[in-house]
There are 2 protein chains.
Amino acid sequence: MSNRTRQQLVETTSRLLERQGYHGTGLNQIVRESGAPRGSLYYYFPEGKEALVAAALAEQGDRMRRFTSTILSEIEDAVEAVDRVVERLIEFFSVSEHCGGAPLAAVALETSASSERLRTTCADAYQGLIDVFAQKLTQAGYPLQQAQVLATTIVAGIEGAVILSRTQQSTLPMEQVRAALHTLLTQAALAQRC
Amino acid sequence: MSNRTRQQLVETTSRLLERQGYHGTGLNQIVRESGAPRGSLYYYFPEGKEALVAAALAEQGDRMRRFTSTILSEIEDAVEAVDRVVERLIEFFSVSEHCGGAPLAAVALETSASSERLRTTCADAYQGLIDVFAQKLTQAGYPLQQAQVLATTIVAGIEGAVILSRTQQSTLPMEQVRAALHTLLTQAALAQRC
DNA sequence: GTCTATATAGAGATAGAC
DNA sequence: GTCTATCTCTATATAGAC
């Protein structure tokens, strides 16, 4: 079936990129671990590796955005909602055996200087995620500019915390950043009321 | 001369790792761009690529720690001192044509699952940097646990901001995170006085 | 849609001369 | 300390059969 094989390739690529990066992930490994037919890769992605990776990154960006958006819509209080997002990410990080959590970061760092296509794909994915947080914060009454600063800081803090947690093989950095973001959002809200 | 060639290899490796990551940086390229004699690589690093990269990462960690420590010791007020560190990093990011600023992150993400040696080297480097910030904050009167949370958040925020700034080719994310860290540290200090 | 075979290039690493 | 030559492996990509 057409979309089935293609989807296997994209999902396997996403998974491998997350722990090996762009240059560390070979097409042979992708084909092998996906179980997809060997001859299908260049049928679905005639432009080769870069196109396959771009598709995987875009899908990961969508997944992250939907995941975040769902949680933010379920909890009315903005501070608690952001807290819950980070808590859920910590859970995912734990079950991934301390090797997941930043599906875009490695590729972004490796390729931002060499591939415009992959760089912009990552940029769009990050911006989509930032927008989701910013929208929640503006709806909660934060001024627009402050909401944008805070949303960027949330995403940056999470990405950085994942890097630290992966190198330390511990959830502690993510827990610490979660606490700090809670403080930041709470006191920003307080300052705005006074 | 002995140390001269070795140093050329290490410095070139550091520079290439920063924008290409571990698997994207080949030994041939390192030798070529360093201008070091081709035959010297395995003389200075008999254990091969992993050892060379580990040396480069350790040196980058030291460099970052010294850079930060110097600035923090020059400015008495802790909040202003941290602000100044981020400002200086933004300057470096600008002159690197939006491709530098996170010398450890790419390798950390690529290899944390496959190389204990590189993972722990990155972990040690990050911890050294966190300790420098934490020490400044405790000296400024922040309680120990709060200082550790804030120090981790500073480093995580910076690393995440660099990722965003590189993908967006703009200093804006770093500026935004700088502002947010300023708010966080100021209000944490206020809360502690009341 | 999928296969195998292959082209071409580059990787990391080793041996042995100098 | 440094050189060249070479080994082996793997990479991406393509061609052409089925």
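Within every chain, numbering begins at 1; the chains are lettered A, B, ... in the order of the sequence lines, protein sequences first and strands thereafter.
The separation between B/Leu9 atom CG and D/dT2 atom C1' is 12 Å, rounded to whole Å. In this structure, A/Ile30 atom CD1 and D/dT12 atom P are separated by 7 Å, rounded to whole Å. Nucleotide D/dA15 holds its P atom 18 Å from the OH atom of A/Tyr43, rounded to whole Å. The nearest whole Å value for the distance from the CG atom in A/Leu52 to the P atom in D/dA11 is 14 Å. For the pair B/Lys49 NZ and C/dG12 P, the interatomic distance rounds to 4 Å; values are reported in whole Å. B/Phe45 has its CZ atom 13 Å from the P atom of C/dA13, to the nearest Å. Here C/dT2 presents its P atom at 11 Å from CZ of A/Arg4, a figure rounded to the nearest Å. Going from atom CD of A/Gln29 over to atom P of D/dT12 covers 10 Å, rounded to whole Å.
For the 3.5 Å distance criterion, the side chains of B/Gln127 and B/Asp131 qualify, holding a donor opposite an acceptor. A side-chain donor-acceptor contact under 3.5 Å links B/His23 and B/Glu110. Remark: the A/Glu97 side chain and the A/Gln169 side chain contain no N/O donor-acceptor pair separated by less than 3.5 Å.
For C/dG1, neither phosphate oxygen OP1 nor OP2 lies less than 4.0 angstrom from any side-chain nitrogen or oxygen of A/Thr5. Between A/Tyr42 and C/dT2, a side-chain N or O to OP1/OP2 separation shorter than 4.0 Å is absent. Proximity of A/Ser40 to the phosphate of C/dG1: no side-chain N or O atom is located under 4.0 Å from OP1 or OP2.
Residues A/Tyr142 and A/Phe133 place their aromatic rings such that the two centres sit no closer than 6.0 Å.
Of the residues in residues 19-28 of chain B, none has a non-hydrogen atom less than 4.0 angstrom from any atom of DNA chain D. Against DNA chain D, the stretch residues 105-122 of chain A makes no heavy-atom approach under 4.0 Å.
A donor-acceptor distance shorter than 3.5 angstrom exists from the side chain of A/Lys136 to the backbone of A/Glu76, with no hydrogens or angles considered.
In this structure, B/Arg117 pairs ionically with B/Glu47, as a charged nitrogen and a carboxylate oxygen lie closer than 4.0 Å. Salt bridge present: A/Glu33 and A/Arg15 bring a charged side-chain N and a carboxylate O closer than 4.0 Å. Taking 4.0 Å as the cut-off between side-chain N and carboxylate O, B/Arg84 and B/Glu74 do not count as a salt-bridged pair.
Taking the nucleotide of DNA chain D with the nearest heavy atom to each of B/Gly39 and A/Arg32, the more 5' of the two is matched to B/Gly39.
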Begin from the C-alpha positions of B/Arg63 and B/Glu11 and carry the test salt bridge (charged side-chain N to carboxylate O under 4.0 Å, His left out) through to its verdict. CA-CA 11 Å; B/Arg63 198 197 319 276; B/Glu11 282 177 12; 5.7 Å; no
